[in-house]
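This report concerns only the one structure given below.
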Amino acid sequence: MPKQNTEIADIFDRYAALLEMQDANVFRVRAYRDAARTLRGLSKSVAAMLDEGADLTELSHIGDELQKKIQTILETGHLPQLDKLGKSIPPELADLEALPGLGPKRVMALYQALKIDSLQDLLDAAQAGRIRELSGFGEKTEKKLLEEAQRRAQFLKRFELAAAEQMAAPLLDYLRDVKGMKKVIIAGSYRRRRATVGDLDILVTATKGAPVMDRFVRYEDIGEVVSQGGTRSTVRLQSGLQVDLRVVPEVSYGAALHYFTGSKAHNIATRTIAVKKGLKLNEYGLYKSNERVAGRTEQDVYAALGLAYIEPELREDRGEIEAAQRGRLPGLIELKDIRGDLHAHTKATDGQNTIEEMAEAASKRGYSYLAISDHTQHVTIAQGLDAKGFAAHIEAIESANEKAEGIRLLKAAEVDILEDGSLDLPDSILKQLDLTVCAVHYQFDLTSAQQTERIIRAMDNPYFNILAHPTGRLMGKREPYPVDMERLMKAALERGCFLEINAQPARLDLSDEHARMAKDMGLKLAIATDAHSADTLGYMRFGVDQARRGWVEPADVLNTRSWSDLKALLKRS
DNA sequence: GCCGTTTTCGGCCCGACTGTTTTCAGTCG
């Protein structure tokens with residue numbers, strides 16, 4: 001069974017982590033991580049590419065050596081060098097390294113001196129006061145490590161974007177009250193709209209830094225002040241979310257925003273371009289020797305580097321630099337392009353509002369259509385409707401549609417895909433619907449081959465339109481079920497089916513990388529909220545964010561179209 | 001280990017903060 005790109009990327013990342021602990025050349029370590037990122041961003045499996053005789057060294061960050069290693073992994077399922085290194089260094093050390101304050105050097109020092117290779121070992125050693133005795137460590141470091149080790153079990157490592165927004169809003173309001181404050185903005189992965197964020201990076205411009213810092217560390221929701229300096233401070237909120245605050249002068253705003261937005265890989269790539277032009281880029285500006293040539297706005301910085309402006313969502317070093325050099329950046333979709341929602345629930349099953357209330361809320365959002373897509377019988381936990389129930393429900397939607405003003409209600413269903421790949425409603429009902437949103441709700445534990453077969457069989461049904469939440473992931477709770485996404489997308493293309501970007505903050509499924517894969521394959525997507533209440537129709541923007549991260553343009557999305565155009569697209573010949 | 005209108009060898013982004021140092025390594029973003 002050929003390995004997926006992500007599995008090969010995982011192997012490279014693991015190998016990089018172990019190499020790093022061995023004090024290997026840092027650029028060699030980086031080379032493996034760069035290659036891993038390239039692999040994760042590909043829309044085609046390297047196994048298939050090699051079968052077709054492609055030369056992988058044409059991909060960025062992959063040279064002769066790594067192409068050979070990829071071939072070895074595909075042939076044997078292993079990277080011999082990793083297996084060998086894993087014998088002298090326990091692979092578990094890579095997990096310890098994820099702890100704040102622990103990097104490769106210290107992890108290795110702890111392992112060599114005290115045989116620490118697990119969180120429990122670390123806790124024991126810290127409590128016994130053995131860490132402070134090591135050279136390079138001290139009392140404070142030991143205390144911090146103990147706290148971090150204890151905290152790890154207590155808090156989630158990353159927060160959903162929507163949750164981070166809720167914590168950020170009051171903090172920003174609080175900071176705006178400082179005298180001399182000019183701009184306040186959240187940069188980092190939050191600004192790049194990643195599905196989850198590990199911390200908040202707040203950038204502030206002000207005439208003086210000290211008053212900002214003083215107020216920042218006195219915010220009432222703070223659990224702990226991690227560090228405090230004149231231009232940079234870090235705190236942890238009571239929720240466990242870490243917040244960094246950075247103060248820069250107004251003339252550096254653009255350069256600082258660029259630097260603080262990242263990603264790290266994007267920053268390295270842009271700084272490398274600067275170096276090649278004989279310039280230096282840091283958070284204070286773009287410099288030619290000691291003269292600042294750009295920095296007030298991000299646009300200035302990009303322009304001075306010979307690049308078109310790159311939207312934050314694209315800044316992952318996944319090809320956006322080259323696209324910007326050639327003027328081939330995508331025209332990303334925006335929330336205002338969305339003309340309707342294609343997945344919503346009502347009181348008929350597990351929603352909180354009536355059809356009429358949902359229609360009114362959608363109309364207020366300026367939509368011209370809303371699909372009412374309640375659950376089918378097999379999803380008992382959501383009080384799914386059987387064929388008889390659905391017949392009555394369809395009449396209710398039709399009746400509501402006649403009364404609704406300014407919005408069209410689409411007769412739809414979230415049809416459960418049964419284990420044998422059949423659909424959970426008879427064709428006699430399915431054919432009465434305007435569209436179907438089909439999804440897996442049970443049996444997540446099939447093999448990738450079985451799950452893929454199951455879904456493709458479902459797509460064979462001529463009434464199958466959109467595959468909803470295609471991997472079933474729930475952030476922090478449930479891993480995506482294994483499925484061959486490339487095959488699934490190919491099957492959808494061949495049959496005139498589509499995939500959904502589910503906009504629920506805990507789902508965001510398809511992921512950004514899979515959205516990019518669909519875009520590259522020419523497969524159109526629905527962006528839909530799966531709203532269970534009138535309010536949560538507002539989740540649409542999170543779905544749009546992930547689509548943007550996947551380079552998706554308005555034409556790539558079903559529900560940027562009028563109903564008549566959409567209807568024509570949904571029709572399967 | 002990758003990469004090339006400076007180079008097939010010699011580079012590889014840049015700065016802030018902390019703690020343990022006595023001039024700086026480690027970590028982080």
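Residue numbering restarts at 1 for every chain, and letters A, B, ... go by the order of the sequence lines.
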Discussion item. Using a heavy-atom cut-off of 4.0 Å across all strands, would you classify A:Val275 as base, sugar-phosphate, or nothing?
Written reply: sugar-phosphate
Item to complete: Give A:Arg246 one of three labels, base, sugar-phosphate or nothing, depending on what nucleic acid heavy atoms sit under 4.0 Å from its own.
Response: sugar-phosphate
Worksheet item: With a 4.0 Å cut-off on heavy atoms, is A:Lys69 in touch with a base, just the backbone sugar-phosphate, or nothing at all?
Response: sugar-phosphate
Worksheet item: Under 4.0 Å between a Lys/Arg side-chain N and an Asp/Glu carboxylate O for A:Arg192 and A:Glu313?
Response: no
Discussion item. Taking donor-acceptor contacts at under 3.5 Å, does the side chain of A:Tyr259 reach the base of B:dG29?
Written reply: yes
Worksheet item: B:dG29, B:dC12, B:dC2: which one has an atom nearest the side-chain heavy atoms of A:Arg232?
Response: B:dG29
Practice prompt. Report yes if at least one side-chain N or O of A:Lys280 is closer than 4.0 Å to OP1 or OP2 of B:dG15; otherwise report no.
Written response: yes
Item to complete: Classify every nucleotide of nucleotides 18-26 of chain B by which part a protein heavy atom approaches to under 4.0 Å, writing B for the base, S for the sugar-phosphate alone and - for neither, in 5'-to-3' order.
Response: SSSS----S
Worksheet item: Do any side-chain nitrogens or oxygens of A:Arg28 fall under 4.0 Å of OP1 or OP2 in B:dC12?
Response: no
Worksheet item: Between A:Lys264 (NZ) and B:dC13 (C1'), how many Å, whole number?
Response: 10 Å
Discussion item. B:dG15, OP1 or OP2 - any side-chain N/O from A:Tyr287 closer than 4.0 Å?
Written reply: no
Practice prompt. Under a 3.5 Å limit for both distances, which nucleotide forms a Watson-Crick or G-U wobble pair with B:dG4, could you say?
Written response: B:dC9
Worksheet entry | Distance between C1' atoms of B:dT8 and B:dC12 (Å, rounded) | 15 Å
Worksheet entry | Nearest to side-chain heavy atoms of A:Asp199, which nucleotide of B:dC17, B:dG29, B:dC12 | B:dG29
Worksheet item: For DNA chain B, whose closest nucleotide is more 5', that of A:Thr272 or that of A:Gln242?
Response: A:Thr272
Discussion item. Considering every strand and a 4.0 Å limit on heavy-atom distances, what is the contact class for A:Gly230: base, sugar-phosphate, or nothing?
Written reply: sugar-phosphate
Worksheet item: According to a strict under-4.0 Å criterion, is A:Thr231 in side-chain N/O contact with OP1 or OP2 of B:dC17?
Response: yes
